Amino acid sequence: MKTSLSGEVVAVDVESAYGGSVYERTVRIDTGQTAIDCFEGKAHVTEEDCGKVIDVMLLAQRSTGALVSETTEKGIFQDNEADDDRSQWHGTLRGEVVCADSNELDSREDDSTILLDVGIGTILVSGQEELKESIVDGNINIGSIVQIESGRIDIIGRN
């Protein structure tokens with residue numbers, strides 16, 4: 001299974017550069033339903049992609065555990081106006097657990113990675129040891145809607 005999210009690249013802002021090389025970018029992708037600011041550090045998306053519709057692979061780095069959601073509304077929600085210490089690439093993910101089998105995932109991450117359907121696409125979420133244990137134990141099922149607070153959403157490739 002692959003992660004996939006399509007949208008128009010509306011902005012690419014260089015965050016860190018040295019000696020003519022760019023090390024970090026913020027890429028804003030508009031999916032038609034929401035705009036998402038993503039961390040980009042491997043030149044998968046560059047300034048030349050602005051205005052293009054692309055299909056990217058996203059990885060959410062977890063900062064808090066998953067909770068079974070009371071609502072069925074899926075999505076990626078960012079509040080970059082909040083005055084707190086979260087990174088500009090953070091997000092609240094709410095989606096359906098699609099896969100928790102690391103052997104089936106197109107993952108560059110560890111065995112604790114899961115795949116979420118967030119309505120506008122699918123996204124890998126790393127660091128989900130507790131959620132995977134809950135699935136194995138039968139406390140949470142594949143198909144359950146969960147909410148996860150991500151410290152950073154990374155672009156890890158293009159499809």
Side-chain angles (χ1 to χ4, degrees), residues 1-13 25-40 44-45 49 51-102 104-159:
M1 299 188 139
K2 285 168 79 164
T3 175
S4 176
L5 185 132
S6 293
E8 179 183 357
V9 178
V10 294
V12 177
D13 297 322
R25 296 174 181 82
T26 296
V27 176
R28 177 164 274 228
I29 298 175
D30 187 342
T31 67
Q33 294 178 323
T34 190
I36 306 162
D37 288 336
C38 303
F39 173 83
E40 206 293 321
H44 298 298
V45 181
D49 293 312
K52 296 179 184 175
V53 174
I54 63 171
D55 187 31
V56 292
M57 298 175 3
L58 298 179
L59 171 71
Q61 308 282 350
R62 179 185 66 86
S63 59
T64 63
L67 304 171
V68 175
S69 179
E70 298 294 322
T71 178
T72 58
E73 178 189 13
K74 297 177 184 178
I76 299 174
F77 310 96
Q78 288 182 319
D79 179 10
N80 288 331
E81 302 303 317
D83 186 25
D84 56 25
D85 59 353
R86 294 182 292 182
S87 84
Q88 63 197 34
W89 308 293
H90 77 279
T92 300
L93 312 172
R94 194 175 311 124
E96 177 183 346
V97 178
V98 176
C99 182
D101 184 346
S102 300
E104 291 183 31
L105 294 174
D106 178 15
S107 174
R108 295 162 179 82
E109 298 303 313
D110 56 49
D111 287 342
S112 64
T113 302
I114 64 164
L115 185 66
L116 278 187
D117 175 353
V118 292
I120 54 175
T122 54
I123 183 170
L124 289 169
V125 182
S126 68
Q128 289 299 307
E129 299 91 355
E130 294 169 20
L131 178 58
K132 287 187 87 157
E133 288 175 17
S134 294
I135 292 169
V136 169
D137 294 342
N139 298 325
I140 295 178
N141 300 313
I142 299 294
S144 294
I145 304 291
V146 296
Q147 181 168 309
I148 298 169
E149 296 296 325
S150 172
R152 190 172 90 185
I153 300 171
D154 294 4
I155 295 174
I156 60 169
R158 284 175 77 158
N159 294 318

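Just so it is clear, the structure is predicted and the values come from calculations on it, not from any experiment. Only heavy atoms go into these numbers, but all of them, side chains included; no hydrogens, no water, no symmetry mates.
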CA sep, side-chain torsions, deciding dist, call: Ile114, Ile148, side-chain contact (heavy atoms from CB on, under 4.5 Å): CA-CA 11 Å; Ile114 64 164; Ile148 298 169; 4.2 Å; yes
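- Taking CD from Glu96 and CD1 from Ile145, the interatomic distance works out to 5.0 Å, rounded to the nearest 0.5 Å.
- In plain terms, the two heavy atoms of Arg28 and Ala35 that are nearest each other are NH1-CB, 3.8 Å.
- Atom NE2 of His90 sits about 7.5 Å away from atom CD of Glu149, to the nearest 0.5 Å.
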Before you tell me yes or no, could you show the steps for Ile155 and Leu58 under side-chain contact (heavy atoms from CB on, under 4.5 Å), namely the whole-Å CA-CA distance, both residues' side-chain angles and the distance that decides it to 0.1 Å? CA-CA 5 Å; Ile155 295 174; Leu58 298 179; 3.7 Å; yes
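- Remark: Thr26 engages Glu15, Gln88, Trp89 in a side chain to side chain donor-acceptor pair (under 3.5 Å) (not counting sequence neighbours).
- When the options Asn159, Leu5, Val45 are evaluated for a side chain to side chain contact (heavy atoms under 4.5 Å, CB included) with Ile54, the one that passes is Val45.
- Side chains of Lys52 and Val9 form no contact here, defined as non-hydrogen atoms less than 4.5 Å apart.
- Expressed to the nearest 0.5 Å, how far OG1 of Thr31 lies from CD1 of Ile120 amounts to 4.0 Å.
- Residues Val97 and Leu116 form a side-chain contact, since some pair of their non-hydrogen atoms from C-beta on lies under 4.5 Å apart.
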Tell me, with the steps shown, if Leu93 and Ile153 meet side-chain contact (heavy atoms from CB on, under 4.5 Å). CA-CA 10 Å; Leu93 312 172; Ile153 300 171; 4.2 Å; yes
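- If you take CD on Gln78 and SG on Cys38, they are separated by 7.0 Å, rounding to the nearest 0.5 Å.
- If you take CE on Met57 and CD1 on Ile156, they are separated by 4.5 Å, rounding to the nearest 0.5 Å.
- For the pair Arg94 (side chain) and Glu73 (backbone), a donor-acceptor distance under 3.5 Å is present.
- Taking 4.5 Å as the limit, every side-chain heavy atom of Val12 sits out of range of all side-chain heavy atoms of Glu40.
- One finds the CD1 atom of Ile123 at 4.5 Å from the CD1 atom of Ile76 (value rounded to the nearest 0.5 Å).
- With hydrogens and angles disregarded, a donor-acceptor distance shorter than 3.5 Å links the side chain of Thr122 to the backbone of Ser4.
- Of the possible donor and acceptor atoms, one in the side chain of Ser150 sits under 3.5 Å from a partner among the backbone N and O of Gln61.
- We find that Asp49 and Arg158 are joined by a salt bridge, their nearest charged nitrogen and carboxylate oxygen being less than 4.0 Å apart.
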